[in-house]
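Okay, so here's the structure we're looking at.
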Amino acid sequence: MSERMRAIRQDVLGGPEVLKLVEVERAEPGPTEVLVRVRAAGVNPTDWKHRAVKIFLPDPPFTLGWDVSGVVEEVGFGVTIHKPGDEVFGMLRYPHGVGSHAEYVVAPSRTFVRKPAGIDHVQAGALPLAALTAWQALVDTAGLREGQRVLVHAAAGGVGHLAVQIAKARGAHVIGTASAPKHGFLRDLGADEAIDYQNVDFAEAARDVDVVLDTIGGDYGPRSLRTMRPGGVLVAIAGRAQPASMAEQAAERGVRFETLLVEPDFHAMAQIAELAGSGRLRAEIDTVLPLEDAAKAHERGETGRVSGKIVLTV
């Protein structure tokens, strides 16, 4: 096997044009690690944000990408749960385990779970980061239970449309905000109510909400509090600007406020794999492009008109 690989690399921060296809050294798996040949890798908003400005990563050069679906090529000493030839998917450690927009990645073995046989690599490559975000917000943080009412903002987006499906799989009543043309899509996902945020004040339309997933930020947090029951939980995705007084405002209404930064999670990935394998969780694929067109993928993402996920194939 060649000791080099193709990867999308950037040497400076900037626009999509800084992304270049280059050859770099291929890492070898150490103890408890696996080398995965990447077949598909999702592109998320965090990718184009880190490409443009310094957030969590050190200065370039670096290769972006956290979503992975592929085939185990080699295993390091002590790995028992995966063998060469296994089809796996998962999210590299966020934020510093970045690097899936390449032909190969090395990561701890428990980053990955078996890919369900019934879904392809494109579908699997679209799921991990966004699905883990939704799972950790709704299940781990909010403790969403059957019969509760959940409000998902930007419900047709990358995280939002997976959150709708996860909430429905747990027996919740789901309310989603989206523009009117996307309401049919939300209904197909299982949403019980769809609110046209462009023409309706969601804070007046939604009532008695137990859990809110805020993927937008700004004034959405304070406005969402008006929809909530005491004892509810509002989870905001990290990186979405929130008022400094948000936790205090929530406490005044008897609501818990949390900010979430997604983490790798073997157990949650296994649950996501089970849902995907049973057909209860599926990523909407907006665009599929080859690795070398990563810049086009970023350009598409930054239009803000993406429904679902963008995926690079390798």
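Any value given below was found using the heavy atoms of this structure, including those in side chains, with hydrogens, waters and symmetry copies removed. Numbers here are sequence positions counted from 1.
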Notebook entry, point to check: According to a 4.5 Å side-chain heavy-atom criterion applied to Ile, Leu, Val, Met, Phe, Trp and Tyr, with indirect links allowed, do V288 and L21 form part of one hydrophobic cluster?
Noted result: no
Check: When rounded to the nearest 0.5 angstrom, what is the spacing between CG in L19 and CG in L64?
Finding: 6.5 Å
Check: What's the shortest heavy-atom distance between D47 and G42, and which atoms?
Finding: OD2-O, 4.1 Å
Item checked: Working for side-chain contact (heavy atoms from CB on, under 4.5 Å), residues V255 and V233 -> CA-CA 6 Å; V255 171; V233 183; 5.8 Å; no
Margin query: Donor-acceptor check, side chain of S69 to backbone of A40, threshold 3.5 angstrom: yes or no?
Written below: no
Margin query: Can you tell whether the side chains of E274 and R114 come within less than 4.0 Å, N to carboxylate O?
Written below: no
Next item on the list: Quick one: closest heavy-atom pair of V311 and V122, and the distance?
Entry: CG2-O, 3.8 Å
Notebook entry, point to check: With the 4.5 Å side-chain cut-off for hydrophobic clustering, are I216 and M246 part of the same group?
Noted result: yes
Checklist line | Rounded distance [0.5 Å steps], OG1 in T141 versus CG in L138 | finding: 8.5 Å
Note to self: Any salt bridge linking K168 with D192? Criterion: basic side-chain nitrogen under 4.0 Å from a carboxylate oxygen.
What the structure shows: yes
Notebook entry, point to check: With sequence neighbours left out, what residues match R207 under salt bridge (charged side-chain N to carboxylate O under 4.0 Å, His left out)?
Noted result: E204
Checklist line | Main-chain N/O of P290 paired with D293 side-chain donor or acceptor, under 3.5 Å | finding: no
Notebook entry, point to check: Measuring from D140:CG to L260:CG, what's the distance to the nearest 0.5 Å?
Noted result: 8.5 Å
Next item on the list: Would you indicate whether R37, at its atom CZ, is surrounded by more than 12 heavy atoms from other residues, nucleotides or ligands within a distance under 6.0 Å?
Entry: no
Checklist line | Residues forming a ring-ring contact (aromatic ring centres under 6.0 Å, His included) with Y220, sequence neighbours excluded | finding: H153, F202
Item checked: Shortest non-hydrogen separation from P29 to G76 and the atoms involved -> CB-N, 4.1 Å
Next item on the list: Look at atom CD of E146 and say whether more than 12 heavy atoms of other residues, nucleotides or ligands are closer to it than 6.0 Å.
Entry: no
Check: Can you tell me how far the CD1 atom of I285 sits from the CG atom of D120, to the nearest 0.5 Å?
Finding: 8.0 Å
Check: V24 and M5: side-chain contact (heavy atoms from CB on, under 4.5 Å), yes or no, with the steps?
Finding: CA-CA 6 Å; V24 296; M5 67 177 185; 3.8 Å; yes
Notebook entry, point to check: Is it true that R149 and D208 have a side-chain N and a carboxylate O under 4.0 angstrom from each other?
Noted result: no
Check: If you measure from the Lys or Arg side-chain nitrogens to the Asp or Glu carboxylate oxygens, is any gap between E28 and R26 under 4.0 Å?
Finding: yes
Check: Which distance, rounded to the nearest 0.5 Å, do you find between the CD1 of I272 and the CZ of F89?
Finding: 7.0 Å
Notebook entry, point to check: So does E258 pair up with R256, basic N to acidic O under 4.0 Å?
Noted result: yes
Next item on the list: Indicate the atoms forming the closest heavy-atom contact of V38 with S100, along with that distance.
Entry: CG1-O, 3.8 Å
Note to self: I'd like to know whether E103 forms a salt bridge (charged side-chain N to carboxylate O under 4.0 Å, His left out) with R6, so could you lay out the CA-CA distance, the side-chain angles of the two residues, the decisive distance to 0.1 Å, and finally the verdict.
What the structure shows: CA-CA 6 Å; E103 289 183 308; R6 296 184 306 148; 3.2 Å; yes
Check: Within the side chain of D214, is there an N or O that forms a donor-acceptor pair under 3.5 Å with the backbone of V235?
Finding: no
Margin query: Between H96 and W66, is the ring centroid distance below 6.0 Å?
Written below: no
Note to self: Check this for me: does any side-chain nitrogen of one of D201 and R226 sit under 4.0 Å from a carboxylate oxygen of the other?
What the structure shows: yes
Checklist line | Atom pair OG1 (T63) and CZ (R9), whose distance is rounded to the nearest 0.5 Å | finding: 4.5 Å
Notebook entry, point to check: Of the non-hydrogen atoms in A134 and I166, which two are nearest, and what is the gap between them?
Noted result: CB-CD1, 3.9 Å
Next item on the list: Report yes or no: do W135 and F112 belong to one cluster of Ile/Leu/Val/Met/Phe/Trp/Tyr joined by side chain heavy-atom distances under 4.5 Å?
Entry: yes
Checklist line | R300 CZ: over 12 foreign heavy atoms closer than 6.0 Å | finding: yes
Notebook entry, point to check: Cluster question for you: counting only ILVMFWY and a side-chain heavy-atom cut-off of under 4.5 Å, with indirect links fine, are L289 and V43 together?
Noted result: yes
Margin query: Around atom CZ of R187, are there more than 12 heavy atoms from other residues, nucleotides or ligands closer than 6.0 Å?
Written below: yes
Notebook entry, point to check: Just by distance, do the side chain of H161 and the backbone of G158 share a donor-acceptor pair under 3.5 Å?
Noted result: yes
Check: Linking I/L/V/M/F/W/Y whenever their side-chain heavy atoms sit closer than 4.5 Å, directly or via other members, would I310 and I119 fall into one cluster?
Finding: yes
Checklist line | A268 backbone acceptor or donor facing D265 side chain under 3.5 Å | finding: yes
Notebook entry, point to check: What closest approach, in Å, do R51 and G14 show between heavy atoms, and which atom pair accounts for it?
Noted result: NE-O, 2.7 Å
Next item on the list: Test side-chain contact (heavy atoms from CB on, under 4.5 Å) on V150 and H173 and set out the steps.
Entry: CA-CA 6 Å; V150 58; H173 179 96; over 6 Å; no
Check: Does a side-chain N-to-carboxylate-O contact under 4.0 Å join K309 and D67?
Finding: yes
Note to self: When you measure from the side chain of R39 to the backbone of H121, do you find a donor-acceptor pair of N or O atoms at a distance under 3.5 Å?
What the structure shows: no
Margin query: Does T259 form a side-chain contact (heavy atoms from CB on, under 4.5 Å) with L261? I'd like the steps, not just the answer.
Written below: CA-CA 7 Å; T259 299; L261 188 65; over 6 Å; no
